[in-house]
Undergrad: 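The structure follows.
Chain identifiers are assigned alphabetically (A, B, ...) following the order of the sequence lines, protein sequences preceding nucleic acid strands; residue numbering begins at 1 within each chain.
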Amino acid sequence: MDEKFLKPYSPKDVEKNIYQLWEKSGYFTPENLVKDKIIPENAPKFSIVMPPPNVTGVLHMGHALMLTIEDIIVRYKRMQGFKTLWLPGTDHAAIATQSKVEKEISKKEGKSRYDLGREELLKRVNQFAKESHDTIISQTKIMGSSADWSREAFTLDETRNRAVKTIFKKMYDDGLIYRGHRIVNWDPKGQTTISDDEIVYKEEKATWYTFKYGPFEIGTTRPETKFGDKYVVMHPDDQRYAKYKNGDTFELEWINGKTKATVVKDGVMDMETGTGVMTITPWHSAVDFDLAERYGLDKEQIIDKNGRMLPHTGEFAGMKIADARLKIVEKLREKGLLIKEEPYTLNLATAERTGGIIEPQIMNQWFVSVNKEFVLPESKIDGIKSGSKTTLKEIMRKVVSNGQIKIIPDYFEKTYFHWIDNLRDWCISRQIWYGHRIPVWYKDDKVFCDTEAPKEEGPASNNTDKTASGKWLQDEDTLDTWFSSGLWTFSTLGWPEKTKDLEVYHPTDLLETGYEILFFWIARMIMMTGYALGDIPFKTVYLHGTVRDGQGRKMSKSLGNGIDPIDVSEKYGADAGRMSLIYGTAAGTDSKISEDKIRGYKFFCNKLWNIARFVVSSGGIINENSSTNLIEADKIILDDLQKVVVDITKQIDDYRLHLAAENAYQYVWHTFADKIIEEAKPRLKSPDQVTVESTKFMLGKVLVTCLKLLHPFTPFVSEEIWQTMYGGSKGLLMVQKWPAK
RNA sequence: GCGCGUGUAGCUCAGAUGGUUAGAGCGCCACAUUGACAUUGUGGAGGUCCCAGGUUCGAUUCCUGGCACGCGCACCA
């Protein structure tokens, strides 16, 4: 017997070597399985793209859960003989990455990005991204991920850039991407726009002020925006204001003296809220903007991009919003125009990445229209014919409602539809430098969109001299990071080239990710794939929950309650970490993890190790294809094992991985170890040779089957046992046939 | 306001399409054990399956309503 078996299982000494063994085999690349005749050329494919981790830091438990679930499925499918591709990559994460680097530079050197300039900042960000990438990838390997590294992609590499530019141009030509003065979410801290989905609402105590505004009383939480207000809006059916007619005007005393206001009657008003009358500030409110657009009302900017009052606000010019608010309330109080102040709780809109307080602003930005009709030339979407007109919204809705894409757990489909119902045009331009630059050039009043810079007069893409005329200048902005992520399932396969990969592996079979990016990412992939290919990006979506600490709190740096998956692998082994993440974790539900739980699965790995030691030392190494005359007891054991195999197979097929893991765990420990082995001990000492041989064969058969069943869940220990048992003579456990028929 | 989810043992959680005595891990109690097992085994205590109605021969499971907690979206004049 190999003397390794004489010691307890030590994952630390084993895992790195095992991973190298797998990597060296080349079998993470499906074509090599064909080449070595492990699977036939015409084997069915199974493909899945890895949700690319951001290159902003290190691997956390959320990533670890994602990698575990995906690796379980991938290893299972590979063993079942599928041409299995798990395509990995990383995400440049535009704002997240740039703001992280900016923070560092500001802390260490006291400089802003404007001090450094575009080129220097990008150099620094790229450097950081590269280091961060290397860390993340090596950590991904520590978790045992059997991904095809030969196909690794990055959302900001050359191939992906070509895909981004190609689809941008196509959408621009179809009128789906347009530039316009619209109300956007401006983050004064990050100095960029963000999409609706990048807003995080925080409850904040505020004051609800009621002011006298001519003959009316108006309520507001934001007096500082009220300078330019010259329209009062009320519901047409509101009897309190029946004597005022649409278009009536009146003079009134306001913040900086006399002003004139006009009455607007509109059904958007809620008669129950406040006094049922409001004034509008179209430049700094989405609802007011819509009203102003509808009636052609004047719009005036009050607050600048830094969150300070503009010069025309007189004595308040240059003040920050919060200061100006108090000062203006004071002034209105002195004028006798303040009627009352009441405490009020509002949901403050903040930027996800910088924490800046969002100030709606009217700006000239790029948008994706979700409601505009276009012709889809080739459609594989049920319910949308090739060559017929459709919208991006319709594509998003249809592929889920018609069942082409199945979401697990299914109740997220309702959340998804709810989101689509409320979806507005997507603002995709960002005023940051790290990302895909918008492929649009301007010269005087001409606009040029293409994948390459305009040829005439030479490229001017790096020319930042805005005053230059007669030269083509590229748009300064970059694209929302989710624009490139939205192409991930097909950009990673080589689109826009018509590659073999695209033909073989698209659409992918499964997309596994956390439910918190259902809108950010999944919906965008569905939209972009539907548009670019007239197809679905994946057939099944599996959503996992958030991994929390032992007390159910989110893991965060400030709480210091994070458990680092790499520390876990070091201390208990990656297998133990994987088991503790998957065990008791149903799709879509949050899970808790603690060191106690992880330790339990380290014990399990050691138990398996000892089982193997016992079986091997009892002579239970078998040639799987050989047969022996089995005694009745052993026949029953092997029949029962078949039932377990069938159950586990079905559970994995149904993506009920937690049940499969539990099933395997219970069988190995409490059936195989506690019952089968205990009952086999006296039989091994039987004078009857038939009994002894049958028992040995049975033990070996059960062990080998268990190793195969456990391999997707605990790949390292199962492979290590396999290698130690057979001394490498039977290849890799990773590519053995799954035991079920 | 609209929508979604959760509530099962001391703790953390499984229990798909209703059906014997409701399960696991950890913890707790008793006993055994130099054992293939540093990390073992056997047995045990512990449950109004959130509450109230309803459907049913039968409900932890399905329906209605309520309570508690969590989440998403919207509003935020």
Undergrad: Could you check if a side-chain atom of Y213(A) sits within less than 4.5 angstrom of a side-chain atom of D229(A), using non-hydrogen atoms only?
TA: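 The answer is yes; the side chains approach within 4.5 Å.
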Undergrad: Looking only at atom P, what distance separates C63(B) and G19(B), rounded to whole Å?
TA: 15 Å
Undergrad: Quick one: label K681(A) by what it contacts on the DNA or RNA (base, sugar-phosphate, nothing), any heavy atom closer than 4.0 Å.
TA: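 Base, at least one base heavy atom under 4.0 Å.
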Undergrad: Partner lookup for C4(B), please. Criteria are Watson-Crick or G-U wobble with both distances under 3.5 angstrom; report none if nothing qualifies.
TA: G70(B)
Undergrad: Does the plane of the ring in F519(A) sit parallel, tilted or perpendicular to the ring in W419(A)? Use 30° and 60° as the thresholds.
TA: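 Rings of F519(A) and W419(A): parallel, under 30°.
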Undergrad: So that I can tick it off, tell me whether K571(A) and D567(A) are bridged by a salt bridge, with the cut-off set at under 4.0 angstrom between side-chain N and carboxylate O.
TA: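 Looking at K571(A) together with D567(A), the answer is no, because their closest N to O distance does not fall below 4.0 Å.
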Undergrad: Look through every strand shown and name the nucleotide pairing with U55(B) as Watson-Crick or G-U wobble, where both distances are under 3.5 Å.
TA: none
Undergrad: Can you list, pair by pair, the side-chain donor-acceptor contacts under 3.5 Å of residues 339-346 of chain A, counting residues two or more places apart and other chains?
TA:
unit_1	atom_1	unit_2	atom_2	d
E341(A)	OE2	R333(A)	NH1	3.1

Undergrad: Distance between the C1' atoms of A68(B) and A59(B), in whole angstroms?
TA: 22 Å
Undergrad: Let me spell it out: for each of A673(A) and Y583(A), pick the nucleotide of RNA chain B with the closest heavy atom. Which residue's pick is nearer the 5' end?
TA: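 By nearest-heavy-atom nucleotide position, the 5'-most residue is Y583(A).
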Undergrad: Kindly state which residues belonging to residues 285-296 of chain A come within less than 4.0 angstrom of RNA chain B, counting heavy atoms of the residue only, listed by number.
TA: V287(A)
Undergrad: Considering every strand shown, what is the Watson-Crick or G-U wobble mate of A36(B) when both distances are under 3.5 Å?
TA: none
Undergrad: Are K681(A) and F614(A) in a cation-pi contact, defined as NZ or CZ under 6.0 Å from the six-membered ring centre and within 45° of the axis?
TA: yes
Undergrad: Which nucleotide, if any, forms a Watson-Crick or G-U wobble pair with C49(B), using both distances under 3.5 Å?
TA: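 Its partner is none (no Watson-Crick or G-U wobble pair with both distances under 3.5 Å).
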Undergrad: Where the side chain of A586(A) is defined as all heavy atoms beyond and including C-beta, which of A14(B), U40(B), A24(B) is the nearest nucleotide?
TA: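 The answer is A14(B), which lies nearest to the side chain.
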Undergrad: Check each of I303(A), D288(A), I362(A) against W283(A) using the side chain to side chain contact (heavy atoms under 4.5 Å, CB included) test, and report the only one that passes.
TA: I362(A)
Undergrad: In the structure shown, which nucleotide is the Watson-Crick or G-U wobble counterpart of U60(B), with both distances under 3.5 Å?
TA: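 Paired with U60(B), as far as the under-3.5 Å criterion goes, is no nucleotide at all.
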Undergrad: Over all strands shown, is L659(A) touching base, sugar-phosphate only, or nothing at heavy-atom distances under 4.0 angstrom?
TA: sugar-phosphate
Undergrad: Check every strand shown and say whether F604(A) touches a base, only sugar-phosphate, or nothing at a heavy-atom separation below 4.0 Å.
TA: nothing
Undergrad: If each of Y9(A) and H670(A) is mapped to the nucleotide of RNA chain B with the nearest heavy atom, which maps nearer the 5' terminus, i.e. the 5' end?
TA: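 So the residue in question is H670(A).
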Undergrad: Among A36(B), C26(B), U39(B), which nucleotide has an atom closest to any side-chain atom of F603(A)?
TA: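 Out of A36(B), C26(B), U39(B), the nucleotide with an atom closest to F603(A)'s side chain is U39(B).
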Undergrad: Distance check, P atoms only: G7(B) and U61(B), in whole angstrom units.
TA: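 Per the computed distance, 12 Å lies between those P atoms.
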Undergrad: Using a 4.0 Å heavy-atom cut-off, write out nucleotides 1-7 of chain B from 5' to 3' as B (base contacted by protein), S (sugar-phosphate only) or - (no contact).
TA: -B-SS--
Undergrad: Using purine N1 to pyrimidine N3 plus N6-O4 or O6-N4 for Watson-Crick, or N1-O2 and O6-N3 for G-U wobble, each under 3.5 Å, what pairs with U42(B)?
TA: A30(B)
Undergrad: Does the structure show a Watson-Crick or G-U wobble partner for G25(B), both distances under 3.5 Å? Name it, or say none.
TA: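 Base-paired to C11(B).
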Undergrad: Determine the Euclidean distance between corresponding C1' atoms of C29(B) and G10(B); express it in Å to zero decimal places.
TA: 14 Å
Undergrad: Please work out if D674(A) contacts a base, only the sugar-phosphate, or nothing of the nucleic acid, heavy-atom cut-off 4.0 Å.
TA: sugar-phosphate
Undergrad: When rounded to the nearest Å, what value does the distance between C1' atoms of U12(B) and C76(B) take?
TA: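 Between the two C1' atoms, the distance is 39 Å.
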Undergrad: Under a 3.5 Å cut-off for both contacts, is C75(B) paired Watson-Crick or G-U wobble with anything, and if yes, with which nucleotide?
TA: none
